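Keep in mind that this is a model prediction, so the values were computed, not measured. Start at 1 and go down the list; that is how both ligands and their atoms are numbered. Along the sequence shown, residues are numbered consecutively beginning with 1.
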Amino acid sequence: MTTPKTMGQQYGRRSWAEPWKIKMVEPIRMSDRLTREKAMQEAGYNTFLLRSEDVYIDLLTDSGTSAMSDRQWAGIMLGDEAYAGSRNFYNLEQAVQEYYGFSYVVPTHQGRGAEHLLSQALIRPGHYIPGNMYFTTTRLHQELAGGTFVDVILDAAHDPVNLHPFKGNIDLDKLQALIDEVGAENIPYVSLAGTVNMAGGQPVSMANVRALKELCDRHGIRIYLDATRMVENALFIQEQEEGYEDQSIAAILKEFCSYTDGAWMSAKKDNLVNIGGWLAVRDAELFDALRNLVVIYEGLHTYGGMAGRDMEALAIGISESVEDDHVRARVGQVRYLGGLLTSWDIPIVQPVGGHAIFLDAKRFYPHIPQDQFPAQMLAAQLYLDSGVRSMERGIASAGRDPQTGDHRYPSLELTRLTIPRRVYTQAHMDVVAESVKAVYDARLETHGLKMVYEPKYLRFFQARFEPV
Ligand SMILES: *Cc1c(COP(=O)(O)O)cnc(C)c1O
């Protein structure tokens with residue numbers, strides 16, 4: 001058993017620690033096995049249906065679970081709760097303009113609110129929207145607007161052991177083939193995501209987005225960026241792409257955005273707030289349309305579903321999120337957990353991505369067929385073992401094909417351990433790793449699940465299961 005490298009050693013120097021200290025704590029405790037068994041049964045083997053009180057270490061998601069800084073909390077007290085023209089909106093607008101470089105900003109209550117507006121404004125029935133692997137809410141909003149999502153990510157992204165450093169890249173040949181087949185006029189935009197969540201948090205290279213822009217310019221196709229985890233993507237560019245090693249995260253982020261026509265954001269991720277989102281574009285006419293749509297679905301164009309205080313915390317969160325030390329500590333913690341699991345030969349998606357460790361349930365439970373939800377069961381077993389909450393990213397998340405009504409069978413069947421930003425310590429990561437090891441050691445005694453309740457949309461959130 002090799003000792004994993006400390007965070008500092010990964011960067012070839014002496015160990016260093018998180019660039020913050022803890023000022024306020026929230027007690028957590030591990031319950032006993034019997035209590036957890038009861039809770040899991042009541043939750044229908046779906047970790048989304050557990051009560052947070054029954055969870056010990058919560059790695060369900062990094063969405064809205066970040067710890068805010070003292071400066072952000074101070075910003076909360078500066079909330080200007082005017083219905084229209086709150087000063088906090090202008091601070092938010094300025095932060096997005098400064099760090100992401102887009103001219104026009106529309107606030108939304110969270111990421112899917114922004115996806116809804118962009119999809120409604122640009123997609124018509126019969127349109128195709130190519131993207132680097134789907135994201136659940138993104139694809140659904142594209143489909144609800146009448147579009148068809150087409151995955152044009154590199155093949156490597158679907159292979160959990162392929163070590164390509166930029167597995168999030170768009171395969172330009174696949175995109176060209178789609179353009180040839182359906183015509184550029186039927187492609188309203190390319191839906192490009194930074195550190196692709198469903199692929200394991202895999203980054204996109206600067207070279208790829210530059211080449212993508214060239215191709216899209218030739219055909220008059222726009223590029224919109226899912227910027228949810230674009231800051232983390234910038235770290236991978238800084239570390240792995242020639243010419244960027246001396247550039248700041250902020251500079252890399254801004255250059256990357258400069259190749260796109262706009263972006264939408266779930267501010268609950270990179271931007272270090274518990275709720276919020278935004279949509280930003282360069283095109284004044286599109287902005288006009290979006291600003292009109294936002295009042296129907298979210299709220300006035302100067303709050304979009306957020307309180308003034310939320311917008312202030314978000315504006316401050318944006319500036320903190322691009323600090324190099326912050327991003328390095330954040331991704332460093334993910335890599336620390338990944339290093340432990342790798343040293344114990346536990347199958348995870350490699351290379352380790354930006355926000356989470358993805359356990360490869362197909363290799364973890366090779367004896368459980370995919371339609372018996374191995375990744376769902378793995379999440380349940382982890383919870384039963386230690387109260388650690390993770391989530392499924394496999395066949396349940398992939399849903400059904402709208403045409404045939406059959407399950408989609410994704411090549412990746414994963415259980416995600418998502419690390420909240422600035423929340424847990426290295427000791428928490430040790431406890432998580434040891435629990436994964438215990439579940440791995442008991443893998444052959446574990447069997448699959450059957451789905452006994454299935455909601456129509458985004459079924460993974462509310463579906464219920466029973467052991468087969
Ligand atoms: C979370 C997420 C969204 C949706 O954002 P919400 O704030 O949850 O509505 C969109 N895209 C990606 C990549 C995400 O991770």
Side-chain angles (χ1 to χ4, degrees), residues 48 59-66 92 100 106-120 129 131-145 149 151 153 157 167-168 170 189-204 224-234 236 256-257 260 262-280 294 297-299 304-306 310-311 313-314 317-318 321 330 334 353-356 358 390-393 397-399 412 414 416-421 457-458 460-462:
F48 275 103
L59 307 185
L60 181 73
T61 170
D62 63 338
S63 180
T65 53
S66 298
L92 167 60
Y100 291 85
V106 179
T108 61
H109 77 286
Q110 60 182 84
R112 70 198 71 182
E115 291 171 339
H116 179 215
L117 300 183
L118 188 70
S119 303
Q120 291 298 323
I129 304 93
N132 51 345
M133 204 174 268
Y134 84 101
F135 184 74
T136 51
T137 56
T138 315
R139 182 176 65 189
L140 182 58
H141 279 297
Q142 292 165 350
E143 288 173 350
L144 289 172
F149 175 82
D151 185 7
I153 201 168
K167 277 162 97 171
I170 286 199
Y189 62 94
V190 171
S191 177
L192 175 70
T195 52
V196 181
N197 194 350
M198 304 300 282
Q202 304 296 330
V204 178
Y224 286 98
L225 175 67
D226 184 338
T228 297
R229 294 190 183 79
M230 194 55 226
V231 171
E232 290 164 8
N233 198 116
F236 289 87
F256 195 101
C257 290
T260 69
W264 71 90
M265 184 73 189
S266 169
K268 304 168 71 173
K269 321 285 176 47
D270 268 357
N271 286 170
L272 297 166
V273 287
N274 303 123
I275 192 73
W278 49 263
L279 176 59
V294 76
Y297 297 109
E298 303 279 316
M306 281 182 283
D310 295 334
M311 292 189 282
L314 171 51
I318 289 174
S321 75
R330 188 277 186 285
V334 177
H355 67 298
F358 292 75
S390 57
M391 69 171 281
E392 195 256 17
R393 274 294 179 229
S397 292
L412 297 177
L414 310 173
R416 189 180 76 182
L417 301 161
T418 335
I419 318 297
R421 295 165 185 78
Y457 298 112
L458 302 175
F460 61 96
F461 282 129
Q462 292 148 338

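- A distance of 9.5 Å separates CD of Glu232 from OG of Ser321, quoted to the nearest 0.5 Å.
- For ligand 1, none of its N or O atoms has an N or O atom of Ser63 under 3.5 Å away.
- Here the shortest heavy-atom pairing between Ala263 and Trp278 reads O-CZ3, 4.1 Å.
- In this structure, the side chains of Leu192 and Met230 stay at 4.5 Å or more apart for every pair of heavy atoms.
- Residues that satisfy the side-chain contact (heavy atoms from CB on, under 4.5 Å) test with Leu140, not counting sequence neighbours, are Glu143, Leu144, Tyr457, Leu458.
- Given atom 1 (C) of ligand 1, the protein heavy atom at minimum distance is Lys269 NZ, 1.5 Å.
- Distances between N or O atoms of Asp226 and those of ligand 1 include at least one value under 3.5 Å.
- Evaluated by nearest non-hydrogen atom to atom 9 (O) of ligand 1, the leading choice among Met265, Met133, Arg112, Arg229 is Arg112.
- For the residue pair Asn197 / Arg393, no side-chain donor-acceptor distance below 3.5 Å is found, with atom types taken as modelled.
- Every atom of ligand 1 is numbered from 1 in the order shown, and the set under 4.0 Å from a heavy atom of Thr137 is 3 (C), 4 (C), 10 (C).
- For ligand 1, the polar-atom distance check against Gly111 finds a nitrogen or oxygen pair separated by under 3.5 Å.
- Using a 4.0 Å cut-off between heavy atoms, Lys268 contacts ligand 1 through its side chain alone, with no backbone atom that close.
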